[in-house]
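In what follows, a structure is listed as structure tokens, so that the remarks can point back to it.
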Amino acid sequence: MRVRMAPSPTGPLHLGTARTSLYNFLTARHTGGTYVLRIEDTDAARSTVEFERDIIDNLHWLGISWDEGPQVAGGDDVGSHAPYRQSGRMDRYAEEAHRLLESGRAYRCWCTHEELEAVRREQEAAKEPPRYNRRCLNPTDAERVAFEADDRSPVIRFQVEAEKIRFDDVIRGEVEFDNALLGDFVIVRNDGVPLYHFVVVVDDEAMEITHVIRGEDHLSNTPKHIALIRALGYREPRFGHIPLILNADRSKMSKRKSQTAMTAYREEGYLPEAMVNFMAFLGWSPGTEEEIFTLAELTDRFEIEKVHKGGAVFDRDRLDHLNGVYLRAMTDEQLALRLRPWVPDAVRDDDLRHIVPIVKERLVRLADITGLAAFLWEPDAVVSSWYGPELLHPKKGGPAEARAALEGARGMLGELDDADFSAEVIEQRARAAAEAIGAKAGDFFSPIRVAVTGRTISPPLFDSLELLGRERSLARLEIALEKLGEVPA
RNA sequence: GCCCCCAUCGUCUAGAGGCCUAGGACGCCACCCUUUCAAGGUGGAGAUCAGGGGUUCGAAUCCCCUUGGGGGCACCA
């Protein structure tokens, strides 16, 4: 079995493309087949190496690898069926287009956009299906001479036969189309650039692809491909059309309505393992109630035949949950490593490792580390700018209670030396201090939390104090006290 | 408009004729734990399996129709 993924470097890696890649990858690995990556860069105007890099890098990031094709952006082709970039196969397309012309299955067309548009409008008015009227199918010699003299360069159209096309889709079963409804479509532009429906067929044959697994949006295009394959005398691969990933309104997932770029998820701190697990279940399930799967486990269990037919709505809440599951399953050391890019260099690895335990079960995405722990590395002035004096007031109380708590904390922490500055000791003393002034624990801790972390929501208070250290904790209490004084009590 | 595909809780799904008075997960709501927030635990609401006809002793599961949704009909991929 030889399967392929054929992204077009005209944009960053799309979630839908990523999932199709995943399904192809899983299919190849599960069956021991070969996975090919092909870059569809015929549209030179829109294709860039940057997008190629984004696609390849993010695919690698997910853990998806391929046996043939460029392994790095702009890199050399690897594999026995090179080239793997369409831009390197232009001669072949020209040859095949010529063959079609010679055999009479394709013809040149000189119609202008305006003429085409006029015909389409007429057809619409007459309630006929809009398709090419074959005006250029058999030009008279005089017409041909006139066209060529006119200096207009023609496109090449494929002559579609009026026949029923039926195929056995790997996941949908028997599907039948009537090609009589299709118009003769363009396979080569008038500037000589071959078009998608044509090159995809030529490439799949050249690369000996046996199973074309792609998005459902290509289902309706398949009869065109099969007609081309037959006209060219190629072997017909099996086709499998996987359901689309949907926006919340159930339309095809699009940039306008959803975040579609894989990079964006990566930058927010979603883990590749979570993305993979999540995407795998958008249209597939092992048939059991298990739902946490590593790439290796998916490779073991995934069967393309079990993929659903219906589209699946992208659900961010579910992704968040899965990401949290993977985050919490990591050891502190592993998590510290993953968190590294989101934490300033000034924070030493050793310190970071100490931070992990207090944020681990609170993180949804790696980027959340900032909101949770930035108070540890930001200067006192910055932290104090995060809150106003009212935030220091405990739920049940005002400035007086806040002041009492802050002063109590100052006195209590002041008595501790650095050696005693541990979460356990601090907690013990804090509870005693609260009791001493007759405050409820929560009301006593609240002002301290805001003073030290700058927020009402934070990691556990005593661990936070320990990590911040005696000096800085005391300094922040001092600042809070000053801030309290700014407003008359 | 034409063609094709699809249809189980809000969402992802289990279910391939009797095990289903439809199970799990996310989300939601309670309660427990608790210094905040999380995490965790317990419980709950939530789907007459889109609707209607068949087939069958028996249908979420098979067939047909309707409805709804989606995709495709480019000198984009």
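Every value quoted in this text rests on a predicted model; they were computed, and no experiment measured them. Letters A, B, ... are given to chains in the order of the sequence lines, protein chains preceding strands, and every chain is numbered from 1.
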Contact pattern, 5' to 3', of nucleotides 7-14 of chain B - B, S or - by protein heavy atom under 4.0 Å: ----BBSS
What is the per-nucleotide protein-contact pattern of nucleotides 29-45 of chain B, from the 5' end, where B denotes a base atom under 4.0 Å from a protein heavy atom, S denotes such proximity for sugar-phosphate atoms only, and - denotes neither? ------BBBBSS-----
Just do the side chain to side chain donor-acceptor pair (under 3.5 Å) check on A:Tyr93 and A:Asp203 with the steps written out, would you? CA-CA 9 Å; A:Tyr93 306 135; A:Asp203 283 336; 2.8 Å; yes
Of all the choices, [options], which nucleotide is nearest to the side chain of [X] once you look at every atom?
{"X": "A:Asp317", "options": "B:C75, B:A77, B:G27", "answer": "B:G27"}
{"X": "A:Asn221", "options": "B:C5, B:C75, B:A77", "answer": "B:A77"}
{"X": "A:Leu195", "options": "B:C76, B:C26, B:C4", "answer": "B:C76"}
{"X": "A:Pro130", "options": "B:G1, B:G71, B:C75", "answer": "B:G1"}

Just to be sure I understand the rule, does [X] reach a base, reach only the sugar-phosphate, or reach nothing, if contact means heavy atoms closer than 4.0 Å?
{"X": "A:Val155", "result": "base"}
{"X": "A:Thr453", "result": "nothing"}
{"X": "A:Glu290", "result": "nothing"}
{"X": "A:Leu322", "result": "nothing"}

In plain terms, say whether A:Glu40 and A:Arg38 are close enough for a salt bridge, that is, a side-chain N and a carboxylate O under 4.0 Å apart. yes
Does this structure show an ion pair linking A:Lys252 with A:Glu216, if we count only N-O contacts that are shorter than 4.0 Å? no
Let's test your reading of the model: under 3.5 Å, does the base of B:G70 pair with the side chain of A:Ser251 as donor and acceptor? no
Under 3.5 Å, is there any donor-acceptor pair linking the side chain of A:Asn190 to the base of B:C75? yes
Check the geometry between A:His241 and B:C5 and answer yes if their rings are stacked (centres below 5.5 Å, planes below 30°), otherwise no. no
Using the 3.5 Å cut-off, write out each protein N or O paired with an N or O of nucleotides 49-52 of chain B and the distance between them.
none

Quickly, which of A:Ile187, A:Val186, A:Val188 forms a side-chain contact (heavy atoms from CB on, under 4.5 Å) with A:Leu195? Name it, please. A:Val186
Could you run down the sub-3.5 Å N/O contacts of the protein with nucleotides 60-65 of chain B?
none

Please check if the distance between the ring centroids of A:Tyr107 and A:Phe158 is under 6.0 Å. no
Please list each protein N or O that sits under 3.5 Å from an N or O in nucleotides 20-22 of chain B, with the distance.
none

What integer number of Å spans the C1' atoms of B:A45 and B:A30? 10 Å
With a 3.5 Å cut-off and no angle check, do the side chains of A:Arg214 and A:Thr222 form a donor-acceptor pair? yes
Using the salt bridge (charged side-chain N to carboxylate O under 4.0 Å, His left out) rule, collect all pairs that involve residues 280-294 of chain A, keeping only residues at least two apart or in two chains. A:Glu290-A:Arg301, A:Glu291-A:Arg318
